[in-house]
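Each remark here refers to the structure printed beneath this line.
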Amino acid sequence: MLPKIAGWIAFETLGGLAHCAAKGGVIAMTRQLAMEGRNHNIRAVSISPGVIQTPASREAFEDPEFRAKTLERVMSGRPGQPEDIANVALFLASDESSFVNGVDIVADGGMTAW
């Protein structure tokens, strides 16, 4: 249940050293893939979702203590929904994102901004 922004920040409520290291690796790999693909018109972009409420996390969010601690840094005041991330992916798949390359897009309701 650890979000991909675990590659950017630590979570007090969720352990997972290996998960955090893996997510950081995906972010670094995105930059490398963009560099290697540049001569072939291949772009590489990753998305780091914040805390997303899914069927797998729904039970955890029903715990008031977990919910409060997890969302205390989310500026939007709510967990993300799968549609929030799908909209980012749709933008990245569109022609409007043709100049976006080698970056990780953080979609986390402002969680990593502070």
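Reckoned from all heavy atoms, side chains included, excluding hydrogens, waters and symmetry mates.
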Rounded at 0.5 Å granularity, tell me how far [atom1] in [X] sits from [atom2] in [Y].
X	Y	atom1	atom2	value
Ile27	Gln32	CD1	CD	15.0 Å
Met75	Thr112	CE	OG1	8.0 Å
Met29	Lys23	CE	NZ	10.0 Å
Asn87	Gln81	CG	CD	11.5 Å

Next on the checklist: Tell me whether the count of non-hydrogen atoms from other residues, nucleotides or ligands lying under 6.0 Å of CG in Asn41 goes above 12.
Outcome noted: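 Atom CG in Asn41 is not packed in, count stays at 12 or less.
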Next on the checklist: Quick check on the hydrophobic clustering: are Leu33 and Val26 connected, directly or via other members, by side-chain heavy-atom contacts under 4.5 Å?
Outcome noted: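 Result: no, two separate clusters.
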Checklist entry - When clusters are formed by joining ILVMFWY residues with side-chain heavy atoms under 4.5 Å apart, either directly or through shared neighbours, do Phe91 and Val45 land in the same one? => result yes
[X] to [Y] - nearest heavy-atom pair and separation:
X	Y	value
Ile52	Ser57	O-OG, 3.1 Å
Ala34	Ala44	N-CB, 3.6 Å
Pro82	Thr54	CG-CG2, 4.3 Å
Arg43	Asn101	CA-OD1, 3.3 Å
Ala60	Phe66	O-CD2, 3.1 Å

Is there a side-chain contact between [X] and [Y], using heavy atoms and a 4.5 Å cut-off?
X	Y	result
Val103	Thr30	no
Asp84	Arg78	yes
Arg67	Pro79	yes

Item to check | Name of the residue among Ile105, Leu92, Asp104 meeting side-chain contact (heavy atoms from CB on, under 4.5 Å) with Ser46 | outcome: Asp104
Checklist entry - Counting N and O atoms only, with roles assigned by atom type, does the side chain of Asp108 sit under 3.5 Å from a partner on the main chain of Val51, one being a donor and the other an acceptor? => result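 Checking the backbone N and O of Val51 against the side chain of Asp108, no donor-acceptor pair under 3.5 Å is found.
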